[in-house]
Structure formats: C-alpha cells, structure tokens
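Residue numbering restarts at 1 for every chain, and letters A, B, ... go by the order of the sequence lines. Owing to the predicted nature of the structure, the values given are computational and were not obtained by experimental measurement.
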Number of protein chains: 2
Amino acid sequence: MSTGWQTVQAEVLRRIQNRDWPPGGLIPGEVALAREFGCARATVNRALQALADDGWLERRRRAGTRVALSPLRRAQMSVAVLRKEVEALGKTYGHRLLSRKVTGDLLSLQTLHQADGTAYGLEDREIDLTHMPAAASADFTTLSANEWLVQNAPFDHGNMSYMSEGATASDARHLDCPEGTPLLILYRETFSEAGRITRVRLAHAPGHVVRLQI
Amino acid sequence: MSTGWQTVQAEVLRRIQNRDWPPGGLIPGEVALAREFGCARATVNRALQALADDGWLERRRRAGTRVALSPLRRAQMSVAVLRKEVEALGKTYGHRLLSRKVTGDLLSLQTLHQADGTAYGLEDREIDLTHMPAAASADFTTLSANEWLVQNAPFDHGNMSYMSEGATASDARHLDCPEGTPLLILYRETFSEAGRITRVRLAHAPGHVVRLQI
DNA sequence: GGTGTGAATATGTCTATACATATTGAGCAA
DNA sequence: TTGCTCAATATGTATAGACATATTCACACC
C-alpha cells in the first residue's frame, strides 16, 4: 500500500532534505497534501506530527507548517547500565564494592567497575536514604548500585555532565594510571518527584570514549 | 475537557511511575482503557503511542502493551552552533580563522572560538570539497565554518565522540594552558547521502563542561 | 511429546466527519 | 494611524467504524 503515513512522512522528509521546501518556508496545507497523496487528512496529520516531533517541522494553528529553520538536531545517548555497556563491547563485566558508609541519611558507596578483569570505571555514589530507604539494606556486592538503582528507582528527570579532569590519587590507584592522567569524568544526578535520589561521579578509565549518534 | 489524549497519557504515566503497573507488566487493553476513560480507542491509542515513543511502554500486536522493563532513558543534547552556545552563556562570541589549506579535495581549517575575547575552543576541521564545492569559495572569516556548514550542509546522520586528552602543543598555545592539561575533546563526523561532508576535532578550553538533560 | 493449523485477539492503521482553537488579516471605528 | 472586531482558515483533536497484521493459544494430528 502506498498511502501509509510512513510513506507520506518519507516523501515529506525527502523534500525537506532535498530543499524542495527550503528551511523556514511554508509547506502546503494538510488538505492539499492529502489530496496530492490520495489519502485522508488524518494520515497526513500523523506524518507531519511525527516530523514535527523529530524537529524537522514547526507547526502552528492557522499559521501553517514550516520547515524548521535550524534543523536543531539532537544527539542521543542511552543512559545504559554499565554492565550492559561493557557486555556490548563483548567483554565480561565485573565489579567490586570498595567502600560503604552511612552518614546521617546519606549512603556513600565506592565501586570499581571492570571489563575482562581490568578497571573500566571508578564510581563514587551518594544515595539519599530518605527517598530510597530500601537501599540501606540492599546487597551491592552481587548487584551493583548502578544497576540496583536503575531497577528500583524510577526517576522523573536528571542531568549529566561530562568533563575532563586529571586523575586524583584515588582514581590513579584504582584505574591503574599515573596521577594527573586526563580522564573523562561523568557526574550525574537523578531526581524523583520527592527530591534527589542519587548523585554519582564516574571516572572512566584512560582512553575511554563516549559515542553519540546524531 | 477531561477526555483528551494528553489526559490519558498523563494518567497512564502516573500509574507507571507510581508502580500501579509494575515494570514488565501487561497493562489493560486499549478497549478497556477507552471504556475506563470514557473516550474512543483512537484516543487511548494516541496516548499509548506517545508513551511508547518515549520509551515508557513496549507494544506488540496481539501481545498487548507492557511497561518497559528498564525505562531505557535517553539523554539528549542539542547539536548547537558554537556561537549560540557561547551566547547562551551571556557572553560575546568571536572567532579567528587561524589557517586554511587545500590539499586535493580536502579543505582544512583551523579556527579559534572565543567567548568574551578568551579562548573557548580550538577547532580543526576538514571539509570534503567534492560534496561541498561551495565551501572552496566561502569566506570563513566573518561566518565561522561551524555555522556556515550548519546552514549550508544539511546532513543525514553523523556521530560524535567525547574523550579526554592532554593538551597538545597547538592546543596549549591557543587555549593558553600548559601542555598536557586535561581537555575535553569532541570529534564529530557528519554525512550526507553522498558521503562524508566534514570531520572536526574540537578541543574545549580547560574546565569545559558538557551538560545533558535526561 | 512434537508439530501444524486455525480461531481469537490486541494493536496498527486508514477513513470520514465533526468540532475546537489559535492566528491572521480585512475592514471598520476612534 | 491606531486599535478593535470578526470572519476565514490551518492545524489540533475526538469519534465511530473498518480492515490489516502479528501473535498467541487451543486443539487436532502424527
């Protein structure tokens, strides 16, 4: 069948990428497109809606549909569990709980993640026990805190930051590199409705690369 | 009105986050939900579709709709023009074209990006002139190559990599830091249908942070 | 037990229709 | 000119109905 909304989407996308419809330009209305493609307006609507969701089009009632001026592309990256990240490389994942300490309502954990037995990343994590009381009694030696939280702490939102830092003494010791070695550091906070659940600093092993698809 | 698809979406999302419907669990069928919410099945469909797009649900014909096991959250990051990135910080953007060289079909450019007059990032870029012949005659002293390409080279796909490297001699000279200083380095390639358009290495100034929203 | 087959079923998608809503722009009034 | 009102219009959304398609499950058969 040639009248699916996916067909319409593909053709419209082709015209955008082909600059048949230039950036910022108004494209024909839904009714006109429906007529052209020989389908119902709802089908065109579905297609344009999807393209708008992906940032290719900007739509406003009455004003019509325009090709987005700066196809503000977004890079996407999955927030993966470290175990899966390692296994995706074809390596065997392992981890060691280096320390565990409770101060007030804060549980502090230090974990070393390994790939094929060698250091992959050093994680320093704080978990708020008021929001995640179950974490106090969890056994993080078999299931890493990273994975435990993904499974047990659904979150609303969060943020991540990447930066470059020289290896601290602790980083150097556990990641087996000289102090000051440039390392890719990830800071991440995740929040639930109630407040911050956890905060983590992850020092990647030297040479680590983060890849994103556009 | 309480029968909008957004209302249904919100309520379903609430139940997922509230664990009324546990991860991996089957949720009621569209017909049942439509009956419950007092709306048409198409409305429920629209809502569930949207949630599936966002990774909260997994839907399969006949098999029904399940709450995603690991709400595989994606971090998003806009692929911004550097000028806008700087201006978003409330600073004045500037850039200097340091070198320009053509070898065969390859145009090589080195550009220093500045924020409020101080170094922000050092860019080494190669542009394939067979795919972007117009680049040969473009004036990159007024409009940076970064921005020129965003406006003139629509691309299909690409990839980005972040890593941590010690400042090279060139990095150190232009970014005004000691050699070996840990820097956040971005590599990016973008492709059109025809092939690779451009490849870039961007060395960020020391202390640079890349933020992503989850 | 294993295997194939067909009925049942949940979601996928399209259609036609209707009304809602935001925005534009023309026309009129101050 | 400025400002207001109102009609026209493009998209947003809801609905009922229909058929498509994938998958499961029960059941017959070997």
Side-chain angles (χ1 to χ4, degrees), chain A residues 1-17 20-72, chain B residues 1-17 20-72:
Chain A
M1 182 174 304
S2 73
T3 63
W5 67 269
Q6 323 234 20
T7 312
V8 176
Q9 184 189 33
E11 173 58 16
V12 170
L13 184 54
R14 196 192 63 73
R15 292 186 191 177
I16 295 171
Q17 293 184 335
D20 292 345
W21 293 333
L26 212 55
I27 77 171
E30 296 188 348
V31 183
L33 290 175
R35 218 173 19 239
E36 178 191 339
F37 290 113
C39 65
R41 184 171 78 91
T43 305
V44 173
N45 184 283
R46 179 85 166 85
L48 298 188
Q49 199 75 253
L51 286 168
D53 281 347
D54 287 348
W56 290 103
L57 296 173
E58 277 167 20
R59 323 189 69 204
R60 272 164 60 223
R61 276 184 177 164
R62 163 62 185 160
T65 300
R66 296 178 173 280
V67 178
L69 249 183
S70 57
L72 203 273
Chain B
M1 183 174 303
S2 73
T3 62
W5 67 269
Q6 323 233 21
T7 313
V8 176
Q9 184 189 34
E11 173 58 15
V12 170
L13 184 54
R14 197 192 61 74
R15 293 186 190 177
I16 295 172
Q17 293 184 334
D20 293 343
W21 293 332
L26 211 55
I27 77 171
E30 296 188 348
V31 183
L33 289 174
R35 219 175 16 241
E36 180 192 339
F37 290 115
C39 64
R41 184 170 78 91
T43 306
V44 173
N45 184 284
R46 179 86 166 84
L48 298 189
Q49 199 75 251
L51 286 169
D53 281 348
D54 288 348
W56 289 103
L57 295 173
E58 277 168 18
R59 324 189 69 202
R60 272 163 61 222
R61 277 183 177 165
R62 162 61 186 162
T65 300
R66 296 178 172 280
V67 178
L69 249 182
S70 56
L72 203 273

If the cut-off is 4.0 Å, is R62(A) near the phosphate of dT21(C), judged by side-chain N/O to OP1 or OP2? no

Those residues at least two apart in sequence (or on a different chain) that pass side chain to side chain contact (heavy atoms under 4.5 Å, CB included) with A10(B) are none

Between P of dC19(C) and CH2 of W5(B), the distance in whole Å: 23 Å

Protein-nucleic acid N or O pairs under 3.5 Å, nucleotides 16-19 of chain D:
| from | atom 1 | to | atom 2 | distance (Å) |
| --- | --- | --- | --- | --- |
| dA18(D) | N6 | R41(B) | NH2 | 3.2 |

Checking side chain to side chain contact (heavy atoms under 4.5 Å, CB included) for the pair E11(B)/Q6(B): CA distance, chi angles, key distance, verdict? CA-CA 9 Å; E11(B) 173 58 15; Q6(B) 323 233 21; over 6 Å; no

Electrostatic pair R41(B)-E36(B), nearest N-O below 4.0 angstrom: no

Rounded to whole Å, CZ of R46(B) lies from P of dT13(C) at a distance of 13 Å

How close do V67(B) and L57(B) get, counting heavy atoms only, and between which atoms? CA-CD2, 3.9 Å

R59(A)/E30(A) ion pair, N-O < 4.0 Å: yes

Heavy atoms, side chains only, cut-off 4.5 Å: are I27(A) and R66(A) in contact? no

Output yes when at least one side-chain N/O atom of N45(B) is less than 4.0 Å from OP1 or OP2 of dG12(C), else no. yes

Residue whose closest nucleotide on DNA chain D lies nearer the 5' end, R60(B) versus A63(A): A63(A)

CG of D53(A) versus C1' of dT11(D): gap in Å, rounded? 14 Å

From CG of L57(A) across to P of dG12(D) the rounded distance in Å is 10 Å

Grab the CG-C1' distance between L26(A) and dT24(C) for me, whole Å please. 12 Å

Does Q6(B) make a side-chain N or O approach to OP1 or OP2 of dT13(D) shorter than 4.0 Å? yes

To the nearest angstrom, how far is E30(B) atom CD from dA14(D) atom C1'? 15 Å

Using atom CZ of R59(B) as one end and atom C1' of dT21(D) as the other, report the distance to the nearest whole Å. 14 Å

Minimum-distance pair of heavy atoms, taken over all atoms of V8(A) and A47(A): CG1-CB, 3.7 Å

Calculate the interatomic distance between E58(A) atom CD and dA10(D) atom P; express it in whole Å. 19 Å

T65(B) vs dT11(C): side-chain N/O to OP1/OP2 distance below 4.0 Å: yes

